[in-house]
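Per chain, numbering begins at 1; letters A, B, ... match sequence-line order.
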There are 2 protein chains.
Amino acid sequence: MSTWSAVASAAPRDRMRGERAERAEQLDASGVETPESPFGVTVDVAVLTVRHGQLAALLVERKYEPFRFRWALPGGFVRVDEELEDAARRELAEETGLVLGPKRSPRGVPSHLEQLRTYGAPDRDPRRRVVSVGYLAMIADVPRPEAGSDAATARYWAASDLCLPRLGQRRGTKLAFDHAEILADAVERARAKLEYTTLATAFVDETFTLGELRRVYEVVWGEELHEANFRRKLLSTPGFVEPTGTTAPTDGRPAQLFRNGGATTLHPPILRG
Amino acid sequence: MSTWSAVASAAPRDRMRGERAERAEQLDASGVETPESPFGVTVDVAVLTVRHGQLAALLVERKYEPFRFRWALPGGFVRVDEELEDAARRELAEETGLVLGPKRSPRGVPSHLEQLRTYGAPDRDPRRRVVSVGYLAMIADVPRPEAGSDAATARYWAASDLCLPRLGQRRGTKLAFDHAEILADAVERARAKLEYTTLATAFVDETFTLGELRRVYEVVWGEELHEANFRRKLLSTPGFVEPTGTTAPTDGRPAQLFRNGGATTLHPPILRG
DNA sequence: ACAAAAGTGTTTTGTCTACACCCATGT
DNA sequence: ACATGGGTGTAGACAAAACACTTTTGT
């Protein structure tokens with residue numbers, strides 16, 4: 001088949017690669033001294049939340065070149081003995097003061113962190129080769145810490161104000177590096193995950209009304225949902241939500257409060273238009 | 001809220017980090033001389049195909065320590081000026097002779113390559129810190145090149161013979177490094193993607209019968225599908241498959257041949273049990 | 001009384017499932 | 001003739017969408 005077509009010509013060429021390639025192969029898949037070494041490895045965290053009826057992302061203003069004064073995702077270098085996810089949590093805390101809950105608490109704290117994908121275009125940093133592991137965090141809209149924080153330059157931006165590029169495109173905006181692309185991927189991932197997981201609950205408080213949860217879906221997806229059917233769908237999905245027995249006041253009739261049930265994935269998913 | 005709880009104590013501590021941290025911050029998100037530099041960056045490719053009625057993965061036998069004589073995913077170091085995906089294609093071609101088709105041909109060659117996720121546990125390589133970007137390739141079951149290839153040690157393994165770990169687990173098998181974990185993630189991703197994309201066509205030839213496509217689903221998911229309903233579902237999904245007008249002989253009545261339509265994602269998805 | 005949002009009932013509409021059956025070929 | 005897989009028809013189960021309506025609060 002065509003997939004194998006280049007084999008005949010590739011094999012002889014490979015054999016002529018010479019000694020340098022031979023030596024690199026001995027060290028393959030993690031050699032000690034290779035010419036391919038001078039990589040920087042960073043993490044960048046796209047923190048999404050729902051604020052004031054809009055999907056929003058947490059950004060920090062850069063203090064130094066390149067992209068000085070431009071807005072960027074919180075992130076930075078991974079330490080040599082550090083797990084990637086730990087690096088993401090640490091950088092997020094250092095640059096924004098935001099400390100995410102533990103990895104997996106029994107009932108699920110209203111915060112979620114997952115790996116998005118890795119961005120490694122050779123020219124994504126103007127100075128040297130840096131490969132960045134992108135992370136997506138979804139958190140409830142909790143008030144920012146007022147004072148005493150070292151994260152004075154961190155703030156939320158409405159996703160719609162950032163002119164994010166379409167999927168797969170590189171062309172940026174006001175954001176530093178390729179962070180607009182990362183953020184666009186994060187938004188797309190979040191949209192998709194609401195369909196087949198219970199992660200919408202990461203965007204609300206530990207207890208919440210079904211109205212609040214529905215508004216999360218509406219804001220993230222940008223479309224209205226039928227209230228009555230949404231309610232039925234959620235209540236009929238085992239483990240999605242669990243009543244607390246308490247109620248919360250609203251502009252109308254008080255609403256029952258729920259918390260996250262044990263479920264994480266949805267079979268079948270909730271479908272959007 | 002609790003998510004912000006550690007802020008009050010974290011802020012003063014951060015201020016006491018001293019000059020070293022300050023300097024690292026100046027170089028943040030891609031500094032030139034940091035102590036965090038000595039990372040290796042590799043790619044590892046999990047090539048999946050359907051052979052002899054089984055889901056199979058393409059592995060290579062390691063020639064050198066560590067994990068000498070153990071089976072591993074094809075992969076290796078990313079070059080300094082190389083795109084990650086290009087590195088994946090190059091290493092795959094070098095180590096197995098398999099040359100994947102172009103990124104996006106109009107009708108879609110029967111091969112698919114996508115980033116899986118990045119594996120960066122500090123101890124995943126016994127020698128030094130190596131971060132590996134995992135890739136998933138899905139290809140049709142084309143015959144291996146016979147001779148003249150430098151990939152004498154490459155062969156397919158049935159996924160069921162590899163004792164892959166459950167999702168999220170680290171514990172390995174006969175495979176080198178954490179490659180069993182990567183492969184398990186690859187299989188899980190492939191299973192999921194058959195539900196909401198047209199990627200099943202990546203596992204078959206450029207033209208195929210609906211029976212062949214159905215057997216792909218059955219093998220990957222490990223469950224039987226109702227033939228008649230499968231047919232209706234596919235034909236009613238616009239752009240999934242497109243008749244070629246030709247037929248292929250079978251053990252019974254000859255079957256119509258189809259090719260991939262333009263569609264890539266499925267709304268609504270095909271659901272498995 | 002009215003607005004506003006929560007919550008329930010019911011009808012309609014479509015889609016998934018299962019079973020029955022016909023079609024076209026090789027032996 | 002019959003085995004084998006391709007392909008079509010159709011009735012029932014089930015879930016989603018749409019509409020109407022009741023409930024409980026604040027003003």
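- A straight line from CG of B/Leu234 to P of D/dT8 spans 13 Å, rounded to a whole angstrom.
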Open item on the list: Return a single string for nucleotides 21-27 of chain D, one symbol per nucleotide in 5' to 3' order, where B is base contact, S is sugar-phosphate-only contact and - is none, cutoff 4.0 angstrom on heavy atoms.
Closed with: --BBB--
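- Rounded to a whole Å, the CG atom of A/Asn229 is 15 Å from the P atom of C/dT10.
- Salt bridge present: B/Arg89 and B/Glu85 bring a charged side-chain N and a carboxylate O closer than 4.0 Å.
- Here D/dG7 is the nucleotide among D/dG7, C/dG7, D/dA18 with the atom lying nearest to any side-chain atom of B/Arg231.
- Mapping B/Ala228 and B/Pro268 onto DNA chain C by nearest heavy atom places B/Pro268 closer to the 5' end of the strand.
- Between the CZ atom of B/Arg232 and the C1' atom of C/dT17 there is a distance of 9 Å, given to the nearest Å.
- To the nearest angstrom, C1' of D/dG7 lies 19 Å from NZ of B/Lys233.
- Salt bridge present: B/Arg272 and B/Glu195 bring a charged side-chain N and a carboxylate O closer than 4.0 Å.
- Between A/Glu114 and A/Lys193, at least one side-chain N (NZ, or NE/NH1/NH2) sits under 4.0 Å from a carboxylate O, which counts as a salt bridge.
- Across all strands shown, B/Gln256 has heavy atoms under 4.0 Å from sugar-phosphate atoms exclusively, and none from any base.
- Following rounding to the nearest Å, A/Glu195 (CD) and D/dA16 (P) show an atom-to-atom distance of 13 Å.
- For the pair B/Glu227 CD and C/dC19 P, the interatomic distance rounds to 15 Å; values are reported in whole Å.
- A perpendicular orientation is assigned to the rings of B/Trp157 and B/Trp71, their planes being inclined by more than 60° (bins at 30° and 60°).
- Note on B/Arg117 versus B/Glu181: salt bridge recorded, some NZ/NE/NH1/NH2 to OD/OE distance being below 4.0 Å.
- Side chains of A/Asp44 and A/Tyr119: a donor-acceptor N/O pair is absent below 3.5 angstrom, by distance only.
- No hydrogens or angles considered: a donor-acceptor pair under 3.5 Å links the side chains of B/Gln54 and B/Ser160.
- The NE2 atom of B/His267 sits 15 Å away from the P atom of C/dT15 (whole-angstrom rounding).
- Protein atom CZ of B/Arg215 is 10 Å distant from nucleotide atom C1' of D/dG6, rounded to whole Å.
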